[in-house]
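Given the structure is predicted, the values throughout are model-derived calculations rather than measurements.
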Amino acid sequence: MDDKGLASSGKTYVNYTVTHNRSYTGDKDDTSVTDTYQNGIISQDSDGDYVLEKLGTPNAK
């Protein structure tokens, strides 16, 4: 995303999905867990990198 996609305040709301891969030793099988969040807030720092300022609200499963 370029800075044209950010609101005039330099922040924007995003909905996103995170997948966690979990590995275990022993009898447990490896698992993958996916979480979806709404209304997280991102902005650009002074280097132009995008920073997640607010995690947002997780969707109920």
Side-chain angles (χ1 to χ4, degrees):
M1 174 190 305
D2 58 33
D3 42 340
K4 293 176 189 167
L6 293 176
S8 61
S9 66
K11 298 180 182 184
T12 192
Y13 289 90
V14 293
N15 298 332
Y16 62 99
T17 301
V18 178
T19 300
H20 309 274
N21 294 314
R22 298 179 181 170
S23 296
Y24 301 95
T25 56
D27 294 336
K28 273 189 148 179
D29 293 332
D30 293 347
T31 60
S32 176
V33 176
T34 300
D35 296 313
T36 302
Y37 299 87
Q38 293 183 332
N39 296 320
I41 298 176
I42 62 170
S43 65
Q44 277 187 301
D45 65 13
S46 60
D47 293 328
D49 296 323
Y50 290 97
V51 178
L52 182 63
E53 288 189 14
K54 180 180 175 190
L55 186 62
T57 306
N59 284 350
K61 294 185 180 199

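Remark: Ser23 pairs with Asp30 by the side-chain contact (heavy atoms from CB on, under 4.5 Å) rule, at least two apart or across chains. Residues passing the side-chain contact (heavy atoms from CB on, under 4.5 Å) test with Asp47 are Asp45, Asp49, sequence neighbours excluded. Tyr16 meets the side-chain contact (heavy atoms from CB on, under 4.5 Å) test with Val14, Val18, Tyr37, Leu52, Leu55; sequence neighbours excluded. With sequence neighbours excluded, the residues satisfying side-chain hydrogen bond (donor to acceptor under 3.5 Å, both in side chains) with Glu53 are Lys11, Ser43. Every side-chain contact (heavy atoms from CB on, under 4.5 Å) that Thr19 has, sequence neighbours left out, goes to Asn21, Ser32, Thr34.
Taking all atoms of both residues into account, the shortest heavy-atom contact from Asn39 to Tyr13 is O-CD2, 3.7 Å.
Think of Val51 as one node in a network of Ile, Leu, Val, Met, Phe, Trp and Tyr side chains linked at under 4.5 Å; it has no links at all.
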